[in-house]
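Only one structure is covered here, and it is reproduced in the block below.
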Amino acid sequence: MSKEKPSIPKGTRDFGPATVVKRNYIFGVIKRTFEKFGYLPLETPAMEQLSVLTGKYGDEGDQLIFKILNSGDFLAKTKPEDIEEGYKHLTRKISEKALRYDLTVPFARYVVMNRNEISFPFKRYQIQPVWRADRPQKGRYREFYQCDADVVGTNSLLCEAEIVQMINEVLTTLGLSDFTIKINHRGVLAGIAEAIGEKGREGDICVAIDKLDKIGQEGVRKELLERGISEGAVQKLEPLYTLEGNNEQILDQLQALLGDTDEGQRGLKDLREVWQYLKSLDSQALSAQNLSEQSRLLLDVTLARGLSYYTGCIFEVKVNNVSMGSISGGGRYDNLTGMFGLPGVSGVGFSFGVDRIYDVLEELGLFPSSSQVGTKALIVQFDKASERYGLPVLQKLRDAGIASELYPEAAKLKKQMGYADQKNIPYVILIGSEEMATGKLKLRNMEQGEQQDLTVEEIISTLK
RNA sequence: GUGGUUGUAGCUCAGUCGGUUAGAGCACCAGAUUGUGAUUCUGGGGGUCGUGGGUUCGAGCCCCAUCUUCCACCCCA
């Protein structure tokens, strides 16, 4: 092998300065909103014990966890028989750590480890990358950021209502107006399964009906039958796809259908309570009208979500009229900490997918110019004398809060001007012998190509 | 994990049936212009054709493997 061309792993990306600036704008909006609702920041390690992560995301999820090979002689404890027992067995022998798959499970782990120091309800937000050994696709990366907000230690459905409020606030602040917050409840799904005579089969039913908008009613029917749901049950299920009316009317219809199932009862009661809270909060999610949906908050009985730890309300957010999957999702999990030996702590949370939001804002041209930062003025120098003269000027500009730089060498003017041009610096200040003599510096406006002779103070007041 | 797709200059892409020295635009560098960028003109540098094998007198082009890209599925932010 001769010179090796450098590369980065599949599904990962470098972020150039322009991209980071825009991403930070999104992070900023999300952070400010979370903090406004009383959530505090938390960070956890990039890697967790493998045992903390396995079994929390289902079999599919376990396969997508990036495992970290034990350091040193990772084969020291293995025997030839271990290989024959298959990769799952072998994995436990050679890997004890893994990259985090999401932020919710590490959060639950943190809560359990710090249960005595935390006062409940505990509200935290967390913005960090997560890793999935998935095959990359549009909007799907192997390393991506999640922005989670969770609250544990209360069953109150005010939390669910506030999640709706936060989603609405973040997305509208980012300039999005046509999006749908879908909400459903695991209890409703369980109640449906029971009401159609397939109690306990909601898992299979969910996976199938979740695809309704993609593969259509016939496709779902086929998949349900393949999964062993009876013909009669499928027929009873199908009227649910096309429930008519607004959210409250749908709730009433569901009441009639599932009212006598315990789980259905529980789900509907929760959902009604969420609506009640949102009404009292005068929520925009109830009042705002979308272009493409009748309501921004939409009760959708076909929303299922894969993660197996959800037990109550579940959410998913879709921006309408863009080619992008969901940009946010979450739900209530009653027993996540129970897996780590702390039962009886209910939690609810959700997550924004920044990478997807970025792509959506880019597609819709919604990044404001104010989200661009950069140098405002470049001081051009001709020689040592002008550099010496320029240094205090530079400091004065910075003291005045003006982002500025002095070109660090007496390069050709063409080169220095070109530098300003390329970095999109709007003003250039020229300090030559004439300027030093008069104290009037040349301020050149790079967009208009005009320049005027001004004192440092005049320049500062112009640029401020 | 399954099926397909992509890779040629820093970037976007041409490249005929397998045939001599692989091209263009943009970008970059230098000069025209010793105190003025973006515009104009002139010149210049830059390629192991993703990588490794194979077929052939001869491969950017055909075959195999591998990596990467994008897409569909599974699943998901």
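Each chain gets a letter, A, B and so on, in the order its sequence line appears, and its residues count up from 1. Keep in mind it's a predicted model, so treat the numbers as computed, not measured.
- Nucleotides B:G25 and B:A14, compared at atom P, are 16 Å apart to the nearest Å.
- When the nucleotides B:A77, B:G37, B:C75 are ranked by their closest atom to the side chain of A:M446, B:G37 comes out on top.
- Evaluation of atom-type donor-acceptor distances gives a pair under 3.5 Å for the side chain of A:R135 against the base of B:U2.
- Protein atom CD1 of A:I327 is 13 Å distant from nucleotide atom P of B:A77, rounded to whole Å.
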Donor-acceptor pairs under 3.5 Å, side chain of residues 453-461 of chain A to any protein atom, not counting sequence neighbours: which ones?
{"from": "A:D453", "atom 1": "OD1", "to": "A:K442", "atom 2": "NZ", "distance (Å)": "3.3"}
{"from": "A:T455", "atom 1": "OG1", "to": "A:E458", "atom 2": "N", "distance (Å)": "3.2"}
{"from": "A:T455", "atom 1": "OG1", "to": "A:E458", "atom 2": "OE1", "distance (Å)": "3.3"}
{"from": "A:E458", "atom 1": "OE1", "to": "A:T455", "atom 2": "N", "distance (Å)": "2.8"}
{"from": "A:S461", "atom 1": "OG", "to": "A:E457", "atom 2": "O", "distance (Å)": "3.4"}
{"from": "A:S461", "atom 1": "OG", "to": "A:E458", "atom 2": "O", "distance (Å)": "3.0"}

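- A:Q416 comes within contact range of no nucleotide atom at all, as no heavy-atom separation falls under 4.0 Å.
- Distance noted for atom C1' between B:U5 and B:G37: 43 Å (whole Å).
- Seen from the ring of A:F107, A:R124 counts as a face-on cation partner, given the 6.0 Å and 45° thresholds.
- For the C1' atoms, the distance from B:G58 to B:U66 is 26 Å, rounded to whole Å.
- A 3.5 Å limit on both hydrogen-bonding distances identifies B:G10 as the Watson-Crick or G-U partner of B:C26.
- Heavy atoms of A:L413 sit under 4.0 angstrom from at least one base atom.
- Scanning atom types as modelled, one donor and one acceptor separated by under 3.5 angstrom connect the side chain of A:E435 and the base of B:G35.
- A salt bridge does not link A:E143 to A:R132: none of the charged side-chain nitrogens sits closer than 4.0 Å to a carboxylate oxygen.
- Base contact: A:Y141 has a heavy atom under 4.0 Å from a base atom.
- As rounded to the nearest Å, B:C74 and B:U16 have C1' atoms that lie 42 Å from one another.
- Counting non-hydrogen atoms under 4.0 angstrom, A:K415 reaches nothing in the nucleic acid.
- Between the CD1 atom of A:I314 and the P atom of B:C76 there is a distance of 11 Å, rounded to whole Å.
- Of the listed nucleotides (B:C74, B:A77, B:U69), B:A77 has the atom at the smallest distance from the side chain of A:F144.
- Residue A:G329 is out of contact with every strand shown, counting any heavy-atom pair closer than 4.0 Å.
- Among the atoms of the strands shown, base atoms are found under 4.0 Å from some heavy atom of A:S433.
- Between the P atoms of B:A9 and B:U42, the separation comes to 26 Å (whole Å).
- Side-chain atoms of A:F382 lie closest to B:G35 of the nucleotides B:A77, B:G35, B:C70.
- Among the heavy atoms of the strands lying under 4.0 Å from A:V207 are primed sugar atoms or P, OP1, OP2 only; no base atom is included.
- Residue A:Q422 places none of its side-chain N or O atoms closer than 4.0 Å to OP1 or OP2 of B:G37.
- Cation-pi check for A:R23 over A:F15 is met; the charged atom lies under 6.0 angstrom from the ring centroid and within 45 degrees of its normal.
- You'll find a donor-acceptor pair under 3.5 Å spanning the side chain of A:R140 and the base of B:C75, going by distance alone.
- The residues A:E223 and A:K211 are annotated as salt-bridged, a charged nitrogen and a carboxylate oxygen being separated by less than 4.0 angstrom.
- Ranked by how close their nearest RNA chain B nucleotide is to the 5' end, A:G353 and A:G11 are led by A:G11.
- A cation-pi arrangement is absent between A:R332 and A:Y310 under the rule of less than 6.0 angstrom and at most 45 degrees off the ring axis.
- Using a 3.5 Å distance cut-off with no hydrogens or angles, the side chains of A:Y333 and A:D150 do pair a donor with an acceptor.
- As rounded to whole Å, 14 Å separates atom C1' of B:C76 from atom CD1 of A:I65.
- To the nearest whole angstrom, the two C1' atoms, one in B:G15 and one in B:G23, are 7 Å apart.
- On the C1' atoms, B:A27 is 37 Å away from B:C64, given to the nearest whole Å.
- As rounded to whole Å, 11 Å separates atom C1' of B:C73 from atom CD of A:E60.
- Residues A:G61 and A:Y419 both approach RNA chain B. Their nearest nucleotides, taken by heavy-atom distance, put A:Y419 toward the 5′ side.
- Atom CG of A:D59 is separated from atom P of B:C74 by 17 Å (rounded to the nearest Å).
- Listed nucleotides B:A77, B:C75, B:U36 differ in distance to A:Q146; the shortest reach to its side chain belongs to B:A77.
- Annotation: B:C75 and B:U68 have their C1' atoms spaced 22 Å apart (nearest Å).
- Distance from the side chain of A:L430 is smallest for B:G35 among the nucleotides B:C75, B:G35, B:G37.
- When heavy atoms are screened at a 4.0 angstrom cut-off, A:Q63 is found touching no nucleic acid atom at all.
- A:K423 comes within contact range of no nucleotide atom at all, as no heavy-atom separation falls under 4.0 Å.
- One finds no side-chain N or O of A:K412 lying less than 4.0 angstrom from the OP1 or OP2 phosphate oxygen of B:G35.
- Atom C1' of nucleotide B:U6 and atom CD of A:Q137 are separated by 15 Å, given to the nearest angstrom.
- On a pure distance criterion of 3.5 Å, no polar donor-acceptor pair joins the side chain of A:R444 and the base of B:G35.
- Rounded to a whole Å, the CG atom of A:D421 is 11 Å from the P atom of B:A27.
- Using a 4.0 Å heavy-atom cutoff across all strands shown, A:S351 reaches no nucleic acid atom at all.
- Taking the six-membered ring where the residue is Trp, the centroids of A:F352 and A:Y145 are separated by 6.0 Å or more.
- Rounded to whole angstrom, the span from the NZ atom of A:K414 across to the C1' atom of B:U33 amounts to 8 Å.
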